[in-house]
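In what follows, a structure is listed as C-alpha cells, so that the remarks can point back to it.
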Amino acid sequence: MESQNTTKLISRKRRKDVGGPNGTTDEESVLRKVPRFMTVTDRPVRVYADGIFDLFHSGHARALMQAKNLFPNTYLIVGVCSDELTHNLKGFTVMNEEERYDAVQHCRYVDEVVRNAPWTLTPEFLEEHRIDFVAHDDIPYSSAESDDVYQHIKDAGMFAPTQRTEGISTSDIITRIVRDYDVYARRNLQRGYTAKELNVSFINEKKYNLQERVDKVKKKVKDVEEKSKEFLEKVEVKSIDLIQKWEEKSREFIGNFLEMFGPEGALKHMLKEGKGRMLQAISPKQSPSSSPARERSPSPSFRWPFSRTSPPASPGRRSRSAANAYDISEDEED
C-alpha cells in the first residue's frame with residue numbers, strides 16, 4: 001500500500017513537471033524526463049550527479065541542491081573526476097583532485113562522493129552504484145565517441161536536468177583572474193609571495209612595486225584632499241554660524257543703543273527729570289501771603305582786624321558806658 005502511494009506521488013510530480021512553462025519554476029522543471037517503467041518503493045531514490053567541481057562555487061552548490069530536492073527522500077551520490085582524466089579531456093584545473101573531493105564532501109546536500117568518476121557512465125557503473133536517476137544540466141557534453149555523453153541516459157529516461165546559475169562558473173572566475181592579472185599579482189606580492197612563486201619576471205616585479213608606491217601616494221593625496229574638503233566645510237559652517245551670531249548681537253546692540261540714546265530714549269527722559277529737579281532746587285516755592293512775615297534778625301556786624309571803629313559793646317558794657325557818659329555830662333553842668 002505504501003509503495004502504491006509513493007508511486008502515485010512520483011507520478012503526480014512527473015505530470016506537474018512535464019506540464020510546461022505555465023505555472024512551473026526552475027526547480028520544478030528538473031523532472032521533465034523520468035523513467036516510466038521504474039517503480040520506486042519507500043526506499044531513498046538514488047540520484048547521481050557528476051562533474052569536475054573546480055573552484056567549488058555557488059553554481060555547483062545550487063545544482064547539487066536541485067538534485068537533492070528531486071524527490072522527498074533522495075540519496076545524492078556525486079562523482080568527481082580525477083586530475084588525469086580531467087586534464088586529458090577538458091583542461092588544466094586550479095585545484096587538485098584531493099582538494100576537489102574535499103570541497104564536494106563538505107557540501108551539505110551530498111550524501112556520498114565517488115572519487116575518480118568516469119567521464120561516460122556505463123551500465124556497469126550504474127548498476128554498481130544502484131543509480132536511479134542522473135542529474136545534470138541539459139547542455140550537450142561531447143566526447144571522442146559521442147556528441148553528448150548523457151544521450152544514452154536521456155534515451156533510457158533516467159536523466160533529470162538541472163538549471164545552471166547564470167553569471168557564475170569556474171571559467172568565469174578564471175577569466176576574471178586572467179583579465180585582472182596585474183592586480184592580483186600585485187596583491188599577492190604585497191601579501192608576502194615571492195616573484196618566483198608567482199612566476200613574475202624581475203622587470204614586472206619592479207614595475208608592480210613602483211605601481212604600488214604610486215597608488216599609495218595617490219591614496220594619501222586623495223585622503224588629504226578629502227580631509228581638506230571636510231575641514232573647509234566645517235570652517236564654512238562655523239563662519240556662517242559666527243556671522244549669524246554677530247548679526248544677532250549687532251541688532252541687539254543697535255536696539256539697546258536706540259532705546260537709550262534715541263529721540264524718545266531713556267536718556268532724554270532722565271535729562272528732563274534731572275532738569276526739573278535742578279529748577280526746583282534753584283527756585284524753591286515761596287510761602288503763601290497769608291502767613292505772618294518773619295522778622296529778620298539783624299545780621300551780626302563784622303569788624304575787620306586793625307580797624308579803628310570799636311566793635312559793638314555787649315549789653316552789660318553798653319550800660320556801663322552809658323552811665324559813665326551821663327556822669328560826665330552832669331559834672332560839666334555843675
Side-chain angles (χ1 to χ4, degrees), residues 26 51-66 78 80-110 137 139 162-250:
D26 292 341
I52 309 302
F53 301 106
D54 191 21
L55 298 176
F56 191 89
H57 50 75
S58 62
H60 295 141
R62 288 178 179 274
L64 297 178
M65 177 188 69
Q66 294 177 51
V78 180
V80 182
C81 300
S82 64
D83 287 345
E84 181 180 1
L85 185 63
T86 304
H87 297 169
N88 291 333
L89 298 178
K90 188 171 184 179
F92 193 75
T93 58
V94 178
M95 301 169 64
N96 60 47
E97 59 185 25
E98 293 297 332
E99 293 170 339
R100 293 185 287 113
Y101 297 154
D102 191 58
V104 174
Q105 184 65 63
H106 284 82
C107 179
R108 64 174 181 170
Y109 306 112
V110 177
D137 62 78
I139 300 175
T162 58
Q163 301 297 319
R164 294 177 64 89
T165 302
E166 296 297 331
I168 183 69
S169 68
T170 301
S171 299
D172 291 339
I173 296 174
I174 294 175
T175 300
R176 297 177 200 173
I177 296 173
V178 173
R179 180 188 59 202
D180 300 326
Y181 169 78
D182 291 346
V183 175
Y184 293 112
R186 288 168 53 188
R187 170 186 179 274
N188 281 10
L189 284 173
Q190 292 300 318
R191 292 178 180 269
Y193 288 89
T194 64
K196 184 177 181 181
E197 291 174 330
L198 298 173
N199 196 23
V200 174
S201 64
F202 176 80
I203 295 176
N204 285 335
E205 180 185 6
K206 299 305 178 184
K207 182 184 73 172
Y208 294 149
N209 290 334
L210 178 61
Q211 289 175 348
E212 190 67 26
R213 292 188 189 128
V214 171
D215 289 345
K216 286 183 179 179
V217 173
K218 289 181 179 179
K219 185 177 179 181
K220 287 182 180 179
V221 172
K222 186 176 180 180
D223 293 341
V224 171
E225 290 179 352
E226 291 178 354
K227 290 181 180 179
S228 301
K229 186 177 179 181
E230 292 178 359
F231 176 75
L232 292 176
E233 289 177 354
K234 291 181 180 179
V235 170
E236 183 179 1
V237 172
K238 193 71 175 177
S239 301
I240 294 173
D241 188 31
L242 290 174
I243 291 172
Q244 291 177 350
K245 289 183 178 179
W246 182 82
E247 290 178 351
E248 292 176 0
K249 292 293 182 182
S250 298

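- Taken from CD in E225 to NZ in K218, the straight-line distance is 12.0 Å, to the nearest 0.5 Å.
- The 12-atom threshold is not exceeded at CD of E84, counting heavy atoms of other residues, nucleotides or ligands nearer than 6.0 Å.
- Residues I52 and V80 come closest through the heavy atom pair O-CG1, 3.9 Å.
- The CG atom of L198 sits 5.0 Å away from atom CG of L189, with the distance rounded to the nearest 0.5 Å.
- Note that CG of L85 is 10.0 Å distant from NE2 of H87, once rounded to the nearest 0.5 Å.
- Residues meeting the side-chain contact (heavy atoms from CB on, under 4.5 Å) test with V94, sequence neighbours left out: D54, L55, I174.
- For the side-chain contact (heavy atoms from CB on, under 4.5 Å) test, residues two or more places apart in sequence or in another chain that qualify with V217 are V221.
- Surrounding CD1 of I203 are at most 12 heavy atoms belonging to other residues, nucleotides or ligands under 6.0 Å away.
- In this structure E98 satisfies the side chain to side chain donor-acceptor pair (under 3.5 Å) test together with R115, sequence neighbours excluded.
- In this structure, the side chain to side chain donor-acceptor pair (under 3.5 Å) partners of S82, at least two apart in sequence or on a different chain, are N116.
- With sequence neighbours left out, the side-chain contact (heavy atoms from CB on, under 4.5 Å) criterion links H57 to H60, I168, T170, I173.
- Taking every heavy atom of both residues into account, V104 and V110 meet most closely at O-CG2, 3.6 Å.
- Closest approach of T86 to C81, counting heavy atoms only: OG1-CB, 3.5 Å.
- Rounded to the nearest 0.5 Å, atoms CD (E166) and CG (D172) are 9.5 Å apart.
- A heavy-atom distance below 4.5 Å is found between the side chains of V200 and Y181.
- Residues passing the side chain to side chain donor-acceptor pair (under 3.5 Å) test with N204, sequence neighbours excluded: S201.
- Between the CD atom in Q163 and the CZ atom in R62 there is a gap of 12.5 Å [rounded to 0.5 Å].
- Atom CG of N199 sits in a sparse spot, with 12 or fewer heavy atoms from other residues, nucleotides or ligands closer than 6.0 Å.
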All N/O donor-acceptor pairs, side-chain side in residues 205-212, below 3.5 Å, sequence neighbours left out:
| residue | atom | partner | partner atom | Å |
| --- | --- | --- | --- | --- |
| Y208 | OH | D182 | OD1 | 2.7 |
| N209 | ND2 | E205 | O | 3.2 |
| E212 | OE1 | R186 | NH2 | 3.4 |

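- With sequence neighbours excluded, the residues forming a side-chain contact (heavy atoms from CB on, under 4.5 Å) with R164 are D137, I139, Y141, S169, listed by chain and number.
- Screening residues 230-247 for side-chain hydrogen bond (donor to acceptor under 3.5 Å, both in side chains), with sequence neighbours left out, gives no hits.
- G167 approaches R176 most closely through the heavy-atom pair O-NH2, 3.5 Å.
- Considering every non-hydrogen atom in both M95 and R100, the closest pair reads O-NE, 3.4 Å.
- Here the side chains of C107 and F56 are in contact, with some heavy-atom distance below 4.5 Å.
- In terms of the side chain to side chain donor-acceptor pair (under 3.5 Å) criterion, N188 has no residue partners (sequence neighbours excluded).
- Partners of F231 according to the ring pair (Phe, Tyr, Trp, His ring centres under 6.0 Å) rule, which considers only residues two or more places apart in sequence or in another chain, do not exist here.
- For the ring pair (Phe, Tyr, Trp, His ring centres under 6.0 Å) test, no residue two or more places apart in sequence or in another chain qualifies with Y109.
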